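Reckoned from all heavy atoms, side chains included, excluding hydrogens, waters and symmetry mates. The residues of the chain are indexed from 1 along the displayed sequence. All values derive from a computational prediction rather than experimental measurement.
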Amino acid sequence: MTQAVARLVPLPDPNNRATREIPIGKAVISIGRSPKNDVVLVDPEVSKAHAELLMRGNAFAINDLGSSNGTYVNGKAVRDRLLNQGDVVEIGGCRFTFELGEAVRRRSSVSIVAPSPIDRTQVLLSNAVAALRPADEISDAALLRQRYERVRTAFTAVGELIEITDIAKLCRRILDAAFGLVGAETGAVMLFEADESLVPWASRGPEGADGDEILISRTIVEQVIRQKEAVLASDALLDSRFKSSQSVILSKMRSLMCVPLINGDNVYGILHVGNSSRAAAFAEGDLELLGGIGAGGGVALANAFMAHRLAEEARTRESLGRFLSPVLVDQVIGNRLDLKRGGVEREVTVMFADIRGFTALTEASKPADVVTLLNEYFDQMAEVVFAHGGLLDKFIGDALMAVWGTPVAGDDDAKRALAAAAEMQEGVASMNEMRRDRGQVAIAIGIGLASGTCVAGAIGARRRMEYTVIGDAVNLASRLAGLARGGQVLCDEVTFARAGSPATASVLPATPVKGKTHPVPVYELTSTGARG
């Protein structure tokens, strides 16, 4: 009898934010951005509680939990759908292929048994799993001889396993290493999930067994984890009180070893092996070897989990860093900000900055030179926005849009926006000095700012969203930028007041603005010193 196994495998796409396989090894697996989920996807497009993977007999399904951006199978939004071999599952920016296979020998049913005859397993020997030390760091010759094989084997295991960052593959290799060293007939690698439950990631039953099941004593597991000990034990068959056919059926095992997969103080799970053919199948030396594999496997797991976290964080940082300052990126990754789809009202200051005469400039320049100019210009302007705590909203042709007051608001948003505008004009003046030295024409920008209540949030289609703001202040800032001459910074009355009525700004005559019934009071920031 074979048992169906399934998993979600990341698609080989450089833009795919999925980094690890998701084995479907229990009835319900929760997926989302919150650390409370069984599978955590660090992706701003993933909801805190996004979806569930479900085992329904021999079938597998995915259930969307009312996520903001939806769950997609083969490009179609789904609520509850059975999965078929080869289906493409999309959760935010994470894309997987559903794979369904048959496990003939390598996968077995694994259960941690509550109090029963098997849970009265007799512990014959237990050893604390200490941190591994290289042989040249052990000065006691007797201790060195005693521990040499364990140290050698453990470090060999680390050397072979440390390069593996695929968690499922790593668990299989840990189990392979254990079977290669001790006379095991059954075995399992179980890892802790987010809800602190132990879930099998790799297992192996007796050669040729039909419908085999591995039962593990809860008492043994708790001792291994609590005491961080490697345990050698025999089951109830060795106890005269349980010499009955029932105990034989329950245990299917006479000798067992269980060790923690440990690195430092962190226990990632357990490695369990058993033998039902012989009552004393394992000896103290076997326990030393398996303890070494547990320690080596723990180091490899720590490395693999760290690699996944770093890869996921790097992708998230790259995505968020396109429009958020590094400080805000840190807050999003730390789950202190929620950039969910939809919007909330915010008091913001909006900035637009345009290059004056850009159309004429492009007509007189080579396309490659225009691209170089824009890249150089936007690089400098984006750094100024970030330095003053702003949100880089978007680039529109030669125009830049930035916002202060969302996703984090401050009392000095308007003041910081005006300071950024002044520094941007100064940056253009410095940029022009270099352009003149290269024999290139100077450029000039006009900047407009306006403040007010806007709706801020992730807005757009599921496949292409932008964190932006919508409201009257956006339109007014754009109009003021259009009115500003090269080197000029204009702002509305609200921005002027919120910035503390700065002495560096002077009032201009009320100006007619498209979309406004009456002329608008306009203020000019006079101390930029950056006329084109």
- prompt: Do the side chains of Thr511 and Pro519 get nearer than 4.5 Å, heavy atoms only?
  reply: no
message: Once rounded to the nearest 0.5 Å, what's the spacing between atom CZ of Phe496 and atom SG of Cys491?
response: 7.5 Å
Heavy-atom donor-acceptor pair, Ser34 side chain to Asn37 backbone, under 3.5 Å: no
message: With heavy-atom distances below 4.5 Å as the criterion, would you say the side chains of Leu483 and Leu490 are in contact?
response: yes
message: Please verify the inter-ring angle class for Phe98 with Phe60; under 30° counts as parallel, over 60° as perpendicular, anything in between as tilted.
response: tilted
task: Check whether any side-chain N or O of His50 sits under 3.5 Å from a backbone N or O of Gly70 as a donor-acceptor pair, and report yes or no.
output: yes
task: Quick one: list whatever passes salt bridge (Lys or Arg N to Asp or Glu O under 4.0 Å) with Glu222, sequence neighbours left out.
output: none
- request: Can you measure from CD1 (Ile31) to CD1 (Ile91) and round to the nearest 0.5 angstrom?
  value: 4.0 Å
query: Got a salt bridge between Glu376 and Arg438, using NZ or NE/NH1/NH2 to carboxylate O under 4.0 Å?
result: yes
task: Search all heavy atoms of Ala18 against all heavy atoms of Pro10 and return the closest pair with its distance.
output: O-CB, 3.8 Å
task: Would you mind reporting whether Asp413 and Arg498 have side-chain heavy atoms less than 4.5 Å apart?
output: no
task: For side-chain contact (heavy atoms from CB on, under 4.5 Å), just list the numbers for Cys94 and Glu45, CA-CA rounded to whole Å, side-chain angles, deciding distance to a tenth of an Å, and then say yes or no.
output: CA-CA 9 Å; Cys94 301; Glu45 295 182 24; over 6 Å; no
- request: Examine distances only and state if a side-chain atom of Arg172 and a backbone atom of Ala202 form a donor-acceptor pair shorter than 3.5 Å.
  value: no
statement: Only residue of Thr372, Leu373, Leu374 satisfying side chain to side chain contact (heavy atoms under 4.5 Å, CB included) with Val370 is Leu374
- line: Across all chains, not counting sequence neighbours, the salt bridge (Lys or Arg N to Asp or Glu O under 4.0 Å) partners of Asp369 are none
message: Between Ser430 and Arg435, is there a side-chain heavy-atom distance shorter than 4.5 Å?
response: no
- line: Of all heavy-atom pairs linking Val350 and Ala477, the shortest is O-CB, 3.5 Å
message: As an exercise, state the distance from CD of Gln380 to CG of Asn375, rounded to the nearest 0.5 Å.
response: 12.0 Å
- prompt: Where do Val469 and Arg346 land on the side-chain contact (heavy atoms from CB on, under 4.5 Å) test, with the steps shown first?
  reply: CA-CA 9 Å; Val469 294; Arg346 297 279 192 180; over 6 Å; no
- request: Spell out, as yes or no, whether a donor-acceptor pair under 3.5 Å connects the side chain of Gln488 to the backbone of Arg485.
  value: yes
statement: On a heavy-atom basis, the closest approach of Pro23 and Ile29 is O-CD1, 3.3 Å
- prompt: Lys228 side chain to Asp265 main-chain N or O, any donor-acceptor pair under 3.5 Å?
  reply: yes
message: Strictly distance-based, threshold 3.5 Å: is any side-chain N or O of Thr362 a donor or acceptor partner for the main-chain N or O of Thr359?
response: yes
- line: OG1 (Thr97) and CD (Glu21) are apart, to the nearest 0.5 Å, by 10.5 Å
- prompt: Shortest non-hydrogen contact from Ala499 to Leu418?
  reply: CB-CD1, 3.5 Å
query: Between Asp38 and Ser30, is there a donor-acceptor pair closer than 3.5 Å when you use the side chain of the first and the backbone of the second?
result: yes
query: Is the closest basic N to carboxylate O distance between Arg479 and Asp492 below 4.0 Å?
result: no
query: Please walk me through it: do Thr468 and Met401 pass side-chain contact (heavy atoms from CB on, under 4.5 Å)?
result: CA-CA 10 Å; Thr468 188; Met401 176 182 170; 4.2 Å; yes
message: Taking Val385's backbone N and O only, do any of them form a donor-acceptor pair with His388's side chain (distance below 3.5 Å, no angle check)?
response: no
- prompt: Is it the case that more than 12 heavy atoms not belonging to Glu345 sit under 6.0 Å from its CD atom?
  reply: no
- prompt: Is any side-chain heavy atom of Ile355 closer than 4.5 Å to a side-chain heavy atom of Tyr377?
  reply: yes
message: For the CG atom on Asp437, are there more than 12 heavy atoms of other groups (residues, nucleotides or ligands in this structure) within a distance under 6.0 Å?
response: yes
field: Step-by-step side-chain contact (heavy atoms from CB on, under 4.5 Å) determination, Val199 to Leu191
entry: CA-CA 5 Å; Val199 174; Leu191 301 183; over 6 Å; no
statement: Here the gap from Arg7 atom CZ to Phe96 atom CZ, rounded to the nearest 0.5 Å, amounts to 12.5 Å
query: Does the Asn263 side chain pair with the main chain of Ala302, one donor and one acceptor, at a distance under 3.5 Å?
result: no
- prompt: Mind checking whether Asp64 and Val78 have side chains closer than 4.5 Å, heavy atoms only?
  reply: no
message: Testing the basics here: between Ala49 and Leu65, what is the closest heavy-atom pair and its distance to 0.1 Å?
response: O-CB, 3.8 Å
- request: Hey, could you give me the CG/CZ distance between Asn63 and Arg79, rounded to the nearest 0.5 Å?
  value: 7.0 Å
Donor-acceptor contacts under 3.5 Å from residues 442-459 side chains, at least two apart:
residue, atom, partner, partner atom, Å
Ser451, OG, Thr349, OG1, 2.7
Ser451, OG, Thr495, OG1, 2.7
Thr453, OG1, Glu347, OE2, 2.2

- request: Answer whether the closest heavy-atom distance between the side chains of Phe192 and Ile225 falls below 4.5 Å.
  value: yes
statement: Smallest heavy-atom separation, Glu493 atom then Pro521 atom, equals OE1-CG, 3.6 Å
field: Side-chain donor or acceptor of Asp43 paired with backbone N/O of Gly93 under 3.5 Å
entry: yes
field: Beyond-backbone contact of Ile396 with Phe352, side-chain heavy atoms, under 4.5 angstrom
entry: yes
